[in-house]
Structures are given as C-alpha cells and as structure tokens.
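Take a look at the structure set out below.
Letters A, B, ... are given to chains in the order of the sequence lines, protein chains preceding strands, and every chain is numbered from 1.
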2 protein chains.
Amino acid sequence: MNVGQVAALAGVTVRTLHHYDRIGLLRPSGRTSAGYRQYAPADLDRLHRVLLYRELGFPLEEVAALLDDPSADPAEHLRRQHRLLRDRLERTSAMVAAVEKEMEARNMGIDLTPEERFEVFGDWLPEEYAAEAEEKWGDTEAWAQSQQRTRAMTKEDWLRVKAESDDVERRFAEALAAGAGADSERAMDLAEEHRQQISRNFYDCPPEMHAGLGRMYVEDERFTAYYERIAPGLAQYVSTAVQANAARQG
Amino acid sequence: MNVGQVAALAGVTVRTLHHYDRIGLLRPSGRTSAGYRQYAPADLDRLHRVLLYRELGFPLEEVAALLDDPSADPAEHLRRQHRLLRDRLERTSAMVAAVEKEMEARNMGIDLTPEERFEVFGDWLPEEYAAEAEEKWGDTEAWAQSQQRTRAMTKEDWLRVKAESDDVERRFAEALAAGAGADSERAMDLAEEHRQQISRNFYDCPPEMHAGLGRMYVEDERFTAYYERIAPGLAQYVSTAVQANAARQG
DNA sequence: GCTTGACGCTGACGCAACGTCAGGCTGTTG
DNA sequence: CAACAGCCTGACGTTGCGTCAGCGTCAAGC
C-alpha cells in the first residue's frame, strides 16, 4: 500500500505521512525500487495507535516513546487508550452540563461567577485566587452592567416570554397548593409545558436534558432560591415533576 | 484584575494572554498608568468563550471572527457550543466503543480489518479504497503473523485463560440446551462469571461495558459466528443473558 | 526611605506539526 | 507514446504559543 492509499484510509494527508517518516515516528517497512513508500499491515496498526494518541493530545515525541517502549504490549495500549478516552468522555460531559447550566441561568436571570464558569477547564482549583476574586467581583455594578448587555431580545419579546414562564410557574405553585403529587398527571403536564416553552424560546431542550435541569433546581442553591421565592417547596416539586415527565417520555 | 490572576483563574499562562492581546483576540479593556493590563468582567466572559472554542479545535482567527460577529448574541454562542460539545461527546463515545470492540476481538482471536479500525476517525468512508484494501489484505499470512505477535502472555497463561472461558461458554451452551431462559438466574449468573473473567484476565469490564459487548455479539457477524460455532442460538442467548445481568446490577 | 523578591512589560528567537509550493521522476491508461 | 495522476525530496511558511533577556513596578519588611 502506498502513501496516497494509506492517507485516504486513515484520513490524514500525504504530507503527514512524510512527516512521520522523517521524524522516525512511522517508517514504512518497505520502499519500491523507485523509492515509493510501501506500508505493511503492521504499519497501519502503528499508524492507528499514533492517531489515537495524537487525538488524545500527546506530542508526537511522547507517542513515539509510548509505542517504542518494549515493555508495553498491545493490550496495554488498548487499556491506556480506553482509560484516556473515558476521561475525555467525562470531561466533555462536564462541559456540556456547564453550558446547559449557563443557558438556564441566563433564562432565569441568575448570574454565575467567573470562577464557576472556568471551573470546568481544570480540576486544579486555585483556592487563593478564588477568595480574592470573589471579593473583587462580589457585587460590583460592573456585573449588573454585563448582565444588562447579555439580553439581545427586544423588550417586547422578553416581556412576552417572561409572562409565559411566570404563568407556568404560577400554575405549578397552584398544583402544589392543591395537593397534586409531583408525579401526578397534572404536574407532569406542566413540566412538559415548561420544557416546550424552553425549547421554543431559548434552546432545544429534549427530555433528557430537561431532567438534568430538574436535578440542578435542587442541587444549586441559587436555582432553588428562585423557586422558593415563589412558593416554599416549589423547587423540589418542580424538580421531581420535571424528572417524572422525562421518565414517562423515555 | 491583572494578567497573573486571570491566567491562574482560567488555567492558561501569562504568555497566552499576551499573545491574545497582540493578535487582537482579547484585549484587556484597560491599562494602569504603568502599562499593566487590566481585565474587566466582560473580558473574562470573552476569554471563557475563546477557551471553549479553542478547546473545540477552532483556529484563533476563526474564534475571533465568531466572537466579533455582530449578528451573534450570547445565546447563539451557547447554543453553538452546546451543539459542538454534543458532537464531540458522540464521537468520543464511538471511539470508546471501538476500543472496547477491539479489546474483545483480541480476546476471542478475531481480527478486524484496517478499514474498520480507522472508521471511527471520520465519517467520510472512501468506498473506492475500502474495496481495494479489502482485496489486498484479505487473508495474507502477514495478518496471521501480526496476529501472532500480539499475544504477550506466556503460553501457559494463555492456555489457562482459554480453558476458563471455554468452560463458561460450555456451561452457557448447557443452560441453553436445558431450556433455561436467557434471563433466568442460571444464565445471568453465568453472565456475571463471564464478566468477572474478563475483568480478571484482560481489562476492567464494568456491567455497563459488558452490556455493550453483549449487543456486539449479535450485531457483528464475526462475534456471532464465534458463538454459533459452539451451539446454534448461543450468540443471541449469551447476548441477552449478559444484558439482563447488567440490568439487574444497575 | 530603602532593599528585595514577586510580578509585569516588550521584543526576539525557538519549536512542533504540519501546509504549501517547486522541480523532477514514475507508472498506467487510452 | 503521450498525458496525467501520483510519488519523491528539499525548502520555506504558518499557527500558537514557550522561553529567555533586559528592564520597570510594587508591596512588604527592616
């Protein structure tokens, strides 16, 4: 197999293969008499590993070290790649959750602190700065301003949307007062209405994602406070209803 | 807030912030009389977006274009980032599944074609090459050789492990012949034994992952063939038992 | 009020991982 | 046997910073 074919198969450019040859990361096991690179099955194997490690962010030099380590059998590579991929999956999930949280926070007019937003980028958590920053940005008017700017809807749109969600929230409170269970038909229907409202006005919100938001309503105190201000016990009520609704759809 | 603090908060180096200033991607909104960069809350907002887009693989120039597009409100960015992150999640899941498939294939002595392994790197699928490569590598002895090399266990180890899994497979066949349902206690216990065997001898295999393997046993004909050779109907039987066992553990 | 050590500033060069020609040979298809 | 796709080897360019060098700034302690 020659460069072009390997390149097409692996989804890289010919130039990349040239590069890997030059730096000794992947030398084709043969050449034709005319000097054409000839790749054997074992070379494809190696290329596959190279690309996976590269995708995972390893510099090529380290990739070479990993692959040339004589004490590492193929199974070892698979286990390591599996571990690294799972880590990445977890990190990405966390980032998705963070973005979803921020979307919902914006809709409810809750502001997240900068530390919170950056949290997801690393597990390091620099305590010292956290405190200091908190103090600096606590509740300056700068924040209020940036809050202001972030609303791009026209005032009319916003008022209409706000009225809609106020309405659902009010009816949730009524259902709670009337003693309807959080998993009752009535509560779940309201939850469904809530979900469709979000989807219409803000962002696409499938049931699964809605359930995630529900969990947040009781786990994050600011979201809890938002609902508790309307009626005591409402945060837990809405949270349960939303999750019950998601469950009946699945 | 000055460079050092912002850098620590966001998990980047000071040099990176200098760079972003120089290329105009993120200019701090103020400077002290001494020339120190002063970052305002809005700058942190922007930095956050920059880092997310960068993480997602956009070149900085495009990031700038996205952020400076006057027709894109903040909600638009959140939606786009959400979409991109979900895509990434999906891709990573696919890669995890591919690695798991390869691990299991190795254990059972099934060899995957190079196209299959590279599949996960892109959805492009170059039909022409696929056919050609198939023909070239079909079943040369090169494959057999590379198969040989990949076994790093001592012969003794391998024989012991093989005997163990043969035993479970035989008892699965017995249960099937005796008419025990695939979701019976007997079948699920065998599935659990199967799972623990994999975990002990090859790689850590939690119930969820085991369920994924189960699905593969009926979806991939080569895995199906492996079990059908032992007893007709065994592939479906083991698959169901494995998934039932995973469900009872969850 | 003075030192000192941490922090900040601006060039300037370096580096990884290729992209992108240029100039020339190869090989296969009509 | 011509022509056109594909391969070769330099060689220079690009992105996204890392890493000094050389020099100002500032808060703490003496």
Please tell me if [X] has a side-chain N or O lying less than 4.0 Å from either OP1 or OP2 of [N].
| X | N | result |
| --- | --- | --- |
| A/Thr16 | C/dG19 | yes |
| A/Thr13 | C/dG19 | yes |
| A/Tyr20 | C/dA17 | no |
| B/Arg15 | C/dT10 | no |

So do the side chains of [X] and [Y] get within less than 4.5 Å of each other, counting heavy atoms only?
| X | Y | result |
| --- | --- | --- |
| A/Leu85 | A/Leu52 | yes |
| A/Tyr39 | A/Leu9 | no |
| A/Leu66 | A/Arg80 | yes |
| B/Gln38 | B/Met1 | no |

Could you check how far [atom1] of [X] sits from [atom2] of [N], rounded to whole Å?
| X | N | atom1 | atom2 | answer |
| --- | --- | --- | --- | --- |
| B/Arg54 | D/dG16 | CZ | C1' | 9 Å |
| B/Tyr36 | C/dC9 | OH | P | 7 Å |
| A/Gln38 | C/dT26 | CD | C1' | 13 Å |
| A/Asp21 | C/dC18 | CG | C1' | 15 Å |
| B/Asn2 | C/dA6 | CG | C1' | 12 Å |
| A/Arg22 | C/dC15 | CZ | P | 17 Å |
| B/Glu55 | D/dC17 | CD | P | 12 Å |
| B/Leu60 | D/dT14 | CG | C1' | 12 Å |

For this session: Please tell me which of B/Val3 and A/Ser33 maps to the more 5' nucleotide of DNA chain C, matching each residue to the nucleotide holding its nearest heavy atom.
Result: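 On the 5' side of the pair lies B/Val3.
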
For this session: Return yes if some donor-acceptor pair links the side-chain N/O of A/Glu90 with the main-chain N/O of A/Asp87 below 3.5 Å, else return no.
Result: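 Side chain of A/Glu90 to backbone of A/Asp87, a donor-acceptor pair under 3.5 Å: no, none is there.
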
For this session: Measure from the side chain of B/Ala34, starting at C-beta and using heavy atoms only, and say which of D/dT25, D/dC7, D/dC17 lies closest.
Result: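 Comparing D/dT25, D/dC7, D/dC17 against the side chain of B/Ala34, the answer is D/dT25.
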
Exercise. Where the side chain of B/Arg37 is concerned, which of C/dC9, C/dC18, D/dC7 is the nearest nucleotide?
Worked result: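 From the listed options, C/dC9 comes nearest.
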
For this session: Describe the nucleic acid contact of A/Thr32 in one word from base, sugar-phosphate, nothing, applying a heavy-atom distance below 4.0 Å.
Result: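 The answer is nothing, as A/Thr32 stays clear of every strand by at least 4.0 Å.
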
For this session: Give A/Ile23 one of three labels, base, sugar-phosphate or nothing, depending on what nucleic acid heavy atoms sit under 4.0 Å from its own.
Result: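 If one applies the 4.0 Å heavy-atom cut-off, A/Ile23 turns out to touch nothing in the nucleic acid.
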
Exercise. If you find the nucleotide of DNA chain D closest to A/His18 and the one closest to B/His19, which residue's nucleotide is nearer the 5' end?
Worked result: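 Final value for this comparison: A/His18.
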
